[in-house]
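Note: hydrogens, waters and symmetry copies are ignored here, and every other heavy atom, side chains too, is used. Residue numbers start from 1 in every chain, and the chains themselves are labelled A, B, ... in the order their sequence lines are given, proteins ahead of strands.
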Amino acid sequence: MTKNIKISINGIPIEVEQGTTILDAARQAGVIIPSLCYHKDLCIAGNCRVCVVEIAGQKRLAAACATPCEEEMEILTNSLNVLHSRKQIIELLLSEHNADCTSCFKNGSCELQKLASDYKILKQDFIRLVPFKNYTIDKFSPSIIKDDSKCIRCQRCVRTCAELQGINALTVAYKGDQMKITTFFEKPINDVVCSTCGQCINHCPTGALVERNYIEKVWDAIADKSKHVIVQTAPAVRVGLGEELGFGPGERVTGKMVTALKRLGFDAVMDTDFTADLTIMEEGTELLTRLKSVLVDHDPKVKLPMATSCSPGWIKYIEHLFPDFLDHLSTCKSPQQMFGALAKTYYAKARNLDPEKIISVSIMPCTAKKFEAARPEMHDSGYRDVDYVLTTRELAIMIKQAGLDFMKLDDSHFDRLMGESTGAAVIFGATGGVMEAALRTVYELVTGREIPFKNLNITPVRGMEGVKEASVKIENPLEEWTFLDGVELKCAVAHGLVNAHKIMELIRLGKADYHFVEIMACPGGCLGGGGQPIPTSPEIRKKRAEAIYAEDEGMPLRKSHQNPEIIKIYKDFLDHPLSEKSHHLLHTHYVARERF
Amino acid sequence: MTASYQLKRADFIFKNENDWEQVLQKSISRSPQDLINELISSELKGRGGAGFPTGLKWKLTAEVSDSVKYVICNADEGEPGTFKDREILSMVPYKVLTGMAVCAHVIGAKEGYIYLRGEYFFLLPELNKSIREFEYYCKEINLDFTIRIFMGSGAYICGEETALFESMEGKRGEPRNKPPYPSNYGYMGKPTVINNVETLAHTFTIFKYGAKRFYDLGVQYSRGSKLFSVSGDTPKPGIYELELGMSLADFVEEFGDGDTKAVQVGGASGFLVPRKRFNETAIGFQGKLVGISLPTGGSMMLFNSSRSMFNVLDNYLEFFREESCGQCTPCRVGCQQLLKGIKAVKRGEKNAKYLDKLLRLTETMKLTAKCGLGQSVANSFSSIVENFREEMIY
C-alpha cells in the first residue's frame, strides 16, 4: 500500500500519495501550475522551468513537474518570487520565439501564446533573438511543416518520437544558443526515417510543428463549378471533431459532421467506413488465402503473420526500419486509398461523371495519410486517387471559416453508393478494431457461424495495452475450409510504433507464432492520430475509444460482409474479393527505404 | 586581520610519496564505518567547487543497498582558469587511484571510472600505465576493483555530475532533474560516488596521516589545503597549494603585480572581487570568515588596471553562450540575453537602465536554472556589473 504524506500548497493542507509530483499534487488541490514541457504522455523533462514553485526552506525554486512532494513540504505556487521568475522565463521564451502570431497556423491554440496572454507580457524589452539565427522552414514533407523559429526547445516532439514511436527521427543537436531539434544530418524531415505519423505535431505546444494544410486548395476546388468534389471521412474523425467545435472528448458527431460537409459545399459526402468494410473483405480473403498457402501448400514464399496495412505511418515505418519484412504486409491499400481508386472509377461510372473532373478529398485523423495520398503508386484510377487530405483539425477550421454553428446542426446521412457502413468499419478507428472486424467476418466465412463472443464484442483485442494477444479456435468449418479445422488462429494487436517494434522484433527473431497482426502507428489507434484535435492524453483517447465502441453497438449491421453496398459493389463491379479488378484498384506494393 | 586569515602554503598533494601500496592496504583493512568517520572528522569538502562534504557523500552511498555501485573520478576539468587536475593526474596519479579504491571499499563498488576531459588525451598513455600497475597490485592484495577511463568530448556541461553520467551512458550530456541524487541513482541508475580529482587526492592524505593533520589546516568551515590555479596579471602564474581561509588581500599581496584591480575567484562561473573588497573577502566555504567567503574550484584570475572589465565579462558570456547545454530556458536564453544585452548597452542601443533588467534576469537564472552550472553562470555578470557598471556603459 502506498503511503500518504501531508504537505501544504499556498497554506492549504493536503494529503497526497508518496511520490506525487508537486504539479500533480497542486492539481489535486485545485491549483493549476502552468507548464510547457510537461505532457501526460511523456517522461518528465523539467527543462522549460515555467512550472517553478517556491518550497519553504529552499534557496532556489523547484520545477513542480520534476519534484516529488516530501513530508511536511510547504509549497508556494504564487509567491512574488515565483511570479517574477515565471514571468521572466515566459519573456525569455518569447524573445527566442518567432512571435508572429497573427500569421501562424497555431494562432489561438498555441500554449506559449496562452501563457503570454495569461501573464500579460505587455512589454517585451529583451532583445529579439530570432533575427540572429538562420532559420529555414522545412516544407518538403507533404505531411509536416517544421519551423524552428517557433520552437521553444521543450523537446516534447523529441520525447514523443522516442517514447511513443521509438523512431528518434527528431533529436536534439548542438548546444548553447545553437541547440536545436533536428534530424539526421539536418536533412529535411521528408528524407529521414520519419513515419509522418504527426504525433510530434499533436504534442508540440507551439507552431513549430504543424501539418501541411490544404484548406485553401479545397475551398478553391469547391468553388470551381467544373469540378465534382467528393469527400470521405475516416472512422475516428466522427469521435474527435466535436472537441474542436465546442463538445467535450468522446462526443459522437457523425450526423452533424455530414451536415457540415454538405453545407461546406461538397458535391457528395461519403464514408471511408464503406471502404473499411471493403478492406475486411479483401484483407480477410487474403488472410485465408495465405493460411492455405502456408498450411496446405507449404509455399515458402508466403509469409505469416500477415500484418495489416491500413496505417500509412506504420507502412512508412516498416519500409524504413524493417525493409526485409515487407512480404508480411497485406497487399491491401488502406481504406482511404481504396476509396480514392473507386471514386474515380466505380463512382464516376455509376454517376456518369468524367473522372478527370472529380476532386477527391478525404478527412483523416492522420498526417501520414497526406504522405500516402502523394505516393506515386496511388494513381490506379488513372488519376491521383486522393487529391487532398485534410486532418480533423483542418476540417474544424473550415467549419469555423464557413460560420457554421456546429453544435446546432441537424444530423444527416452519408450519400449512397459509398456511404453505407457497418459497426465493423467504425471500430477501425480504435486499436484492435481492424482485428475485431476481420475476425467477425473471417470466422463467419469459414464456419458459417457467428464468432462466439457475447454481442460480437471481441474484448481481448480492445483496450489501451500496448501489445494485445488473442486466439480463436476454428472448429467444424465449412467444407471449403476443412484445412482450418482445429487451427487456433493467433492474433496480436499493437498500437504506437514503439509497440510495433516489439512485434517486429519477434518476427525478425522467428519467435512470432501469430497468423495475423494488426498494427497502428498511433497510440490508441487512429482515434489518437496525429491529425486529431489537440490536446491528446490517455484519458482523452479512452473517451474517444468509448465513443467508437458505442457507435459500433448502435449500428444495425455490425459485420462487414453484411453491408449492402459491399454486396452491391462485388455484384456490379469487382466480382469477388481478390479479383483481377480488385488487384488492380485495391491492392498495392511497398518499397524499401533507407534507415536514417 | 587575525593570523588565521593569512596565506599559508602547504605541501601535501604533490609531495612525492612512494608508499601508496601500504596506504591502500592499511586503509582497506579498516572497516567502511571507520573510514567514513575519519573522512567526516577531517571535514573535507568537495574540491570541484560546490563543496559538498566528502565523508557524507560516501556515507550516503554506502548506506544504499545495491549489488552494483560505481566510483567515478570527475576529471572533466573545464572551468576556465583551472588547470590543477591535469597536474595531479600526471604527477601523482596513484593518490587519486588509491582514493578511488578506498572509496570502492567503503561503498561496496567493484568498478571505477575516470571521466577525462577530451582535451587531456595526451595524459592517456601514462595514466593507463599507472592504472594497469595499480590494478595489478589490487589483484595481488585480493581487492576486486578495476578502473577504466572514459574520454569526454569537450563539452563544459559534462563536468556537471548528472550530465557526466548521461554522457557516459552514451546519451546527450544534459543534467538530470534532482532528486534523485547520485548517491541513490547515478551512473546507469546505480548508487554512485562522484568526486573531483583533487578531492580524491586529499583523501589519500587523510588516510595516510589521519584526519587531524588535515583538519588542523585552514579555518572553521573550510578545513585543509587546496590547490589554486593562479593566472592572469601575475608575475608567478602556476599551481599552488594553500590553506583555505586566507584573505584575498593576502593572496593579492603574494601573487599580484602591484596593480591588481580585481580577482575572479572560481573561474567563469565564479565571482569577481574588486580591489575595495580584497580585505573583507576570504577564500573558503560558507560561514562568515571575514566579510564575504567565496568557495572555489581553485581558479584565481588576477586583472590589473590595464584590463577592460567589459571585455572580461564579454569573454565569459561568450563562453557560456556556447557551453550551456541548451535544455533549460533560463540558462540557454538567459546567456544569450546577457551577452547581447551588454553589447547593446555598450553600443548605446539600450540605455544604462537595461543593466538593471539584466541583473534581475541573473536573479531568475540563479533561482530557476535546472543545474548547478546554470544557476552559477550569472555570478560573473552580477559581480562585474555591480562593481564596474561604468565600464559597461562607457
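- Note on A:Val50, A:Thr67, A:Leu93, A:Val52: by heavy-atom pairs under 4.5 Å with chain B, the leading option is A:Leu93.
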* Asked: Under the side chain to side chain contact (heavy atoms under 4.5 Å, CB included) criterion, do B:Leu361 and A:Leu92 qualify, and how do the steps go?
  -> CA-CA 9 Å; B:Leu361 170 60; A:Leu92 288 176; 3.8 Å; yes

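- Contact between B:Leu367 and A:Ser85 at its shortest, heavy atoms only, is CD1-OG, 3.7 Å.
- For B:Lys59, the NZ atom counts as loosely surrounded, since its 6.0 Å shell holds 12 or fewer non-hydrogen atoms of other residues, nucleotides or ligands.
- Residue B:Asn351 places its CG atom among more than 12 non-hydrogen atoms of other residues, nucleotides or ligands, all under 6.0 Å distant.
- For B:Arg360, the parts lying under 4.5 angstrom from a heavy atom of chain A are both the backbone and the side chain.
- Between B:Arg332 and A:Glu96 a salt bridge is recorded (basic side-chain N to carboxylate O distance below 4.0 Å).
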* Apply side chain to side chain contact (heavy atoms under 4.5 Å, CB included) to the pair B:Lys340 and A:Phe132, showing each step before the final yes or no. => CA-CA 10 Å; B:Lys340 290 220 177 337; A:Phe132 294 96; 3.3 Å; yes

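- More than 12 heavy atoms of other residues, nucleotides or ligands shown are found within 6.0 angstrom of CD on A:Glu505.
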* Between A:Phe126 and B:Val333, is a side chain to side chain contact (heavy atoms under 4.5 Å, CB included) present by the stated rule, with each step listed? -> CA-CA 10 Å; A:Phe126 279 133; B:Val333 192; over 6 Å; no

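- Residue A:Leu36: no heavy atom, backbone or side chain, is found under 4.5 Å from chain B.
- For the atom pair OG1 of B:Thr364 and NE2 of A:His84, the computed distance is 9.0 Å after rounding to the nearest 0.5 Å.
- Residues A:Val172 and B:Glu174 come closest through the heavy atom pair CG1-OE2, 4.3 Å.
- With a 6.0 Å radius and a threshold of 12 heavy atoms from other residues, nucleotides or ligands, A:Lys59 has its NZ atom at or below the threshold.
- The two residues B:Pro330 and A:Arg49 make their nearest non-hydrogen contact at CD-CG, 3.4 Å.
- Expressed to the nearest 0.5 Å, how far SG of B:Cys328 lies from CD1 of A:Ile89 amounts to 8.0 Å.
- Put simply, the side chain of A:Ile90 does not reach to within 4.5 Å of the side chain of B:Thr329, judged on heavy atoms.
- Within a 6.0 Å sphere centred on OH of A:Tyr174, other residues, nucleotides and ligands contribute 12 heavy atoms or fewer.
- Using a 4.5 Å cut-off between heavy atoms, A:Ala45 touches chain B through its backbone atoms (N, CA, C, O) alone.
- Put simply, of B:Gln337, B:Gln336, B:Glu349, B:Lys178, the one with the most heavy-atom pairs under 4.5 Å next to chain A is B:Gln337.
- Using a 4.0 Å cut-off between charged side-chain N and carboxylate O, B:Lys357 and A:Asp125 make a salt bridge.
- Contacts of B:Leu358 with chain A are made by side-chain atoms alone, with heavy-atom separations under 4.5 Å and no backbone atom involved.
- Annotation: side chain of A:Met179 is not in contact with side chain of B:Cys325 (no heavy-atom distance under 4.5 Å).
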* **Working for side-chain hydrogen bond (donor to acceptor under 3.5 Å, both in side chains), residues A:Arg153 and B:Gln327** => CA-CA 7 Å; A:Arg153 281 83 166 161; B:Gln327 69 164 321; over 6 Å; no

* To do: Go through the steps to decide whether A:Ile127 and B:Tyr354 satisfy the test side chain to side chain contact (heavy atoms under 4.5 Å, CB included), and finish with yes or no.
  => CA-CA 11 Å; A:Ile127 294 166; B:Tyr354 190 65; 4.0 Å; yes

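- Counting non-hydrogen atoms of neighbouring residues, nucleotides and ligands closer than 6.0 angstrom, the CZ atom of A:Arg27 exceeds 12 such neighbours.
- In this structure, the separation between CG on A:Asp177 and SG on B:Cys331 is 11.0 Å, given to the nearest 0.5 Å.
- Residue with the most contacts toward chain A among B:Ala344, B:Ala369, B:Gly374: B:Ala369 (heavy-atom pairs, distance under 4.5 Å).
- Heavy-atom pairs under 4.5 Å with chain B peak, among A:Gln58, A:Lys180, A:Gln155, at A:Gln155.
- Crowding of A:Lys133 atom NZ: a count of heavy atoms from other residues, nucleotides or ligands under 6.0 Å exceeding 12.
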